[in-house]
Amino acid sequence: MSDLLKDLNKEQKEVVTSTEGPLLVLAGAGSGKTKALTHRVAYLVAEKGVLPESILAITFTNKAASEMSGRIDNLIKSSGTVKMGTFHSICAQILRREAHHLGYPGSFVIFDQDDSKKVIKQVIAKLGLSDKKIPVTTAKNLISGAKNELIGPEEYANYAESFREKSIVEIYKTYQKELEKNEAMDFDDLLMLTVKLFQKFPEVLKKYQNLWKYILIDEYQDTNHAQYLFVRLLSATHGNICVIGDDDQSIYSFRGANFQNILDFEKDWPKTKVVRLEKNYRSTKAILTAAQSVIERNTERSKKTLWTENETGRPIEVYEAASEEDEAGFVARKSEEIKVSKGKLSDIAVFYRTNAQSRAIEEQLLNMRIPYKIVGGVRFYERKEIKDALAWLRVASGANDWIAFERSLTSPPSGIGKLSITRLREYGEENKLKIKDLASDGNLANAIGGRVVEPLSEYFRKIKKIQDTAQKSLSSAVELAIKTSGLIEHLSDGSFENEERIENLKELLSVVKELENVKDDLTLESFLEEVALISDIDNYNESDEGITLMTLHTSKGLEYKYVFIVGLEENIFPHSRSMLDASELEEERRLFYVGMTRAREELYLVYARRRLYFGGIQHNSPSRFIAEIPPNLLDFVNGGGETEEKEIGDIQMSGAFKVGDEVEHEFFGRGKILEINDDEITADFNVYGKKTVSLEYAPVRKV
DNA sequence: CGCTGTAGACTTTTT
DNA sequence: GTCTACAGCG
């Protein structure tokens, strides 16, 4: 037997050896999925003689990709040329070579959320619409949703009825034109345009079908429609498509992910072989059972039963904190305890629903001098000062990027302000000029006004210098950009925040130097692309000492010996915006399931009786999710000293209500029941009027 | 043009 | 409580 099959269970072996044809792997949490995947790739190369370069593996993060290639390298000699990456990075690479078919230059820039919002804002103004009526974020979300569904502006127009929808159509149209003018693509374009490219140009598609004969997709439950089509097109000829996922861990529907893709896989590929990985190697029986009983409440899922040979382990500790400080104090004290008695701080993780919750925990950990690191939050490459420095580099890269142009001219101030830049852009548009043409345009003084001439030529001199330097050394170019932009002087006012910003700029330089050492073919363009598609988790190093703080979303795919989930209160988790809709609530539950199943040995669930929120005090009941765990697995601990009666398990069944009862709903307030239907009631609320709510999900009680 | 102060919004999660 | 956007002034 091949060495590659040693230490694998029967199902994992099937994953590894079923190399031909469509394969669907339903992999439960902690079921040794990555192991099966890496061994599969190694097996393809070592046993089946498949060339590494004809394998494409798509992962959810860049970090997962580099980890995977590291693990494969340990199994076989060279996996170096297996193509691995996220959907976005793979699509970007394809488009670099092929975008000319679609009328884009291969040197397009990638606009992040912030850049796209700026463009949309300009577009709304240009169309004479008010961003009061159509907020930028709304427009952005609707356009993004359409792109994920591969709906272009023309098609979108077919649905549009209301004024708002019609406005969105116009914004969408103009936005795409603006992106083209800027030679830019947003995140969604990377996917949508690649699929369009494949659909419009069969010969291009064929090229990639012939190149990648074996395709693997991890976290398939979190693919959106565009990604789904991308995969289907690429594997259409050979059908060697292996997807791995777990519908119970689908937590990204807000950005268009559709876990129906995994449930429907067998319909798309009738000859699909299905393998279920249900043996859990990660968690104790207590944790696994608890997680199972929570997720079983969901109706939209495929049935599966995880099991483990691990020991029962300790009960799950539930701590009722008096406040968010007390909550943080509990985390800090327990962490100390764990460190002293049995483990390392790096074995500990704290998960929360929203980034804002990290602050209280951080303060407490700082107080107690417990080292910690945060993954997520304001990402490094989204910081203002970093974006400012990168804007100089983006213009220097030769991109016709007006967003970066404006940014680099205004921060730090150059003497040319917003008004002049708008005029410059309009002037450029009228005369079909690109940014770089402005440098040599003799008519600017007439067209815009004399006072832009001097600062602008100064600006272009600097850009030129950065450009020239980039030919020789990227890091010198970055260093020059930081210096010549005047950012450092501008920030040198001695204030604490600005000192930190200067530190960040220095950090940027060391990141580039490091990258340069690893990749000798790093160009300015490839560096900018890498930066655009990087995520925070990609830079996270688990071996660093200290406990780890992150959102539940970020925790997917990771595991820790000791896990704290904090803020387990109604309105916080489940989040208030997700409580009124049954399927959104199920997603919250999956998120809780993901968090729980990260824990190997000990799980702590924490909620606070009162919490500071928006400067005001909020009282929330304990999260319903706690009540969904069998009580025998829980160990309740009280804290804070203050007594305040609060029961876990506020969920009532319809039998408890009758028509005419006064009820109180968490959001709709007081009302009177008009009608009861199975587990739904219709009530007339004093403020909100007639509403039907599901008792299974709605935070409603009798008064 | 660019800085300052204030009113207003805002917090779900992210490639 | 914190960040941002913008009006109004120098």
Side-chain angles (χ1 to χ4, degrees), chain A residues 58-65 85-92 110-114 116-118 121 131-132 135-137 140-141 144 147-148 185-191 219 222-224 226-227 250-257 324 351-360 375-379 381-382 384 409-421 449 451-452 455 490 493 497 529-538 550-556 567 571-579 581 584-585 587-588 590-592 594-595 611-618:
Chain A
I58 297 181
T59 55
F60 197 67
T61 60
N62 294 304
K63 179 168 179 266
T86 61
F87 275 104
H88 289 87
S89 72
I90 302 281
C91 287
I110 299 169
F111 274 6
D112 69 9
Q113 216 83 295
D114 185 56
S116 335
K117 276 188 183 166
K118 284 193 170 158
K121 197 171 176 181
D131 55 2
K132 292 264 160 18
V136 175
T137 327
K140 170 93 182 77
N141 287 340
S144 173
K147 286 184 175 182
N148 286 158
M185 297 186 190
D186 66 15
F187 286 146
D188 305 312
D189 282 338
L190 295 175
L191 305 173
E219 310 281 7
D222 281 320
T223 49
N224 63 34
Q227 292 165 332
S250 166
I251 53 174
Y252 283 100
S253 72
F254 67 90
R255 70 175 203 222
E324 82 273 13
F351 304 150
Y352 34 79
R353 182 59 178 67
T354 65
N355 279 309
Q357 289 166 256
S358 71
R359 174 168 299 160
V375 188
V378 184
R379 275 175 287 285
Y381 289 104
E382 282 168 20
K384 191 184 171 303
L409 272 173
T410 50
S411 57
S414 64
I416 300 175
K418 256 194 139 97
L419 188 66
S420 300
I421 292 166
R451 61 177 174 170
V452 302
H490 187 65
D493 61 359
E497 301 87 37
E529 171 171 323
E530 190 156 332
V531 157
L533 297 177
I534 210 155
S535 73
D536 218 61
I537 190 90
D538 295 337
M550 66 178 86
T551 65
L552 285 142
H553 279 89
T554 311
S555 77
K556 192 171 74 162
N571 294 322
I572 307 269
F573 189 28
H575 193 271
S576 54
R577 309 250 291 235
S578 309
M579 295 204 316
D581 180 276
E584 281 181 48
L585 183 68
E587 179 142 317
E588 294 284 300
R590 289 194 292 272
L591 193 54
F592 186 47
V594 166
R611 174 178 299 275
L612 226 48
Y613 211 62
F614 282 112
I617 291 174
Q618 227 186 49

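Note on naming: letters A, B, ... go to the chains in the order of the sequence lines (proteins, then strands), and numbering restarts at 1 for each one. What you see below is based on every heavy atom in this structure, not just the backbone, and it leaves out hydrogens, waters and symmetry mates.
For the pair Ser420(A) and dC1(B), the criterion of a side-chain N or O lying under 4.0 Å from OP1 or OP2 is met. Arg577(A) has a side-chain polar atom (N or O) that falls below the 4.0 Å cut-off from OP1 or OP2 of dT12(B). In this structure, Thr61(A) does not reach the dT15(B) phosphate: none of its side-chain N or O atoms is under 4.0 Å from OP1 or OP2. At the phosphate of dT13(B), neither OP1 nor OP2 sits under 4.0 Å from any side-chain N or O atom of His553(A). For Lys121(A), a side-chain nitrogen or oxygen approaches OP1 or OP2 of dC6(C) to under 4.0 Å. Put simply, Ser535(A) has a side-chain N or O that comes within less than 4.0 Å of OP1 or OP2 on dT15(B).
The nearest whole Å value for the distance from the CD atom in Glu382(A) to the P atom in dT11(B) is 14 Å. One can place NZ of Lys556(A) at 11 Å from P of dT15(B), the figure rounded to the nearest angstrom. If you take NZ of Lys117(A) and P of dT4(C), they are 11 Å apart, rounded to a whole angstrom. In this structure, the CG atom of Asn62(A) is 16 Å from the P atom of dT14(B), given to the nearest Å. In this structure, the CD atom of Gln357(A) is 19 Å from the P atom of dC10(B), given to the nearest Å. Note: NZ (Lys418(A)) to P (dG2(B)) measures 12 Å, nearest angstrom. For the pair Glu587(A) CD and dT14(B) P, the interatomic distance rounds to 12 Å; values are reported in whole Å. The distance from atom NZ of Lys118(A) to atom P of dT4(C) is 11 Å, rounded to the nearest whole Å.
Here Phe254(A) does not lie in a stacked arrangement on the base of dT12(B), lacking the combination of planes under 30° and ring centres under 5.5 Å apart.
If you check every strand for non-hydrogen atoms under 4.0 Å, Tyr252(A) touches sugar and phosphate atoms only. Within 4.0 Å (heavy atoms only), Leu419(A) reaches sugar-phosphate atoms of the nucleic acid but no base atom. Residue-level contact check: Arg359(A) touches the backbone only, with heavy atoms under 4.0 Å from sugar-phosphate atoms and none from bases. Residue-level contact check: Ser89(A) touches neither bases nor backbone, having no heavy atom under 4.0 Å from any strand. His88(A) comes within 4.0 angstrom of a nucleotide base, judged by non-hydrogen atoms across all strands. Looking at heavy-atom distances under 4.0 Å, Lys384(A) makes no contact with the nucleic acid at all. In this structure, Asn355(A) reaches the sugar-phosphate backbone alone: every heavy-atom distance under 4.0 Å involves primed, P, OP1 or OP2 atoms, never a base.
Of the candidates dT13(B), dG2(B), dT11(B), dG2(B) carries the atom nearest the Pro413(A) side chain, counting heavy atoms from C-beta on.
If you check distances only, the side chain of Arg353(A) does reach the base of dT12(B) with a donor-acceptor pair under 3.5 Å. At a cut-off of 3.5 angstrom, the base of dT15(B) holds at least one donor-acceptor pair with the side chain of Gln113(A).
A distance of about 16 Å separates the P atoms of dC6(C) and dT11(B), rounded to the whole Å.
To the nearest 0.5 Å, atoms CG (Leu612(A)) and CD1 (Ile617(A)) are separated by 6.0 Å.
Judged by closest nucleotide on DNA chain B, Ser414(A) is the one of Leu591(A) and Ser414(A) placed further toward the 5' end. Nearest-nucleotide positions on DNA chain B for Thr551(A) and Ile416(A) put Ile416(A) closer to the 5' end.
In summary, the side chains of Gln357(A) and Thr354(A) do present a donor paired with an acceptor at a separation below 3.5 Å, with no hydrogens or angles considered. A donor-acceptor contact closer than 3.5 angstrom links the side chains of Ser535(A) and Asp538(A).
Remark: Glu324(A) does not engage Arg359(A) in a salt bridge, criterion side-chain N to carboxylate O under 4.0 Å.
Between Leu591(A) and the options His575(A), His553(A), Lys556(A), a side chain to side chain contact (heavy atoms under 4.5 Å, CB included) holds for only His553(A).
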Check nucleotides 4-8 of chain B for protein N or O atoms closer than 3.5 Å to its own N or O atoms and list the pairs.
none

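By the 4.5 Å heavy-atom criterion applied to side chains, Phe351(A) and Met550(A) are counted as neighbours.
A donor-acceptor pair is defined here as one N or O able to donate and one able to accept, closer than 3.5 Å; such a pair exists between the side chain of Arg590(A) and the backbone of Ser250(A).
A tilted orientation is assigned to the rings of Phe60(A) and Tyr252(A), their planes being inclined by 30° to 60°.
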(message) Between Ser358(A) and Asn355(A), is the side chain to side chain donor-acceptor pair (under 3.5 Å) condition met? List the steps.
(response) CA-CA 6 Å; Ser358(A) 71; Asn355(A) 279 309; 5.9 Å; no
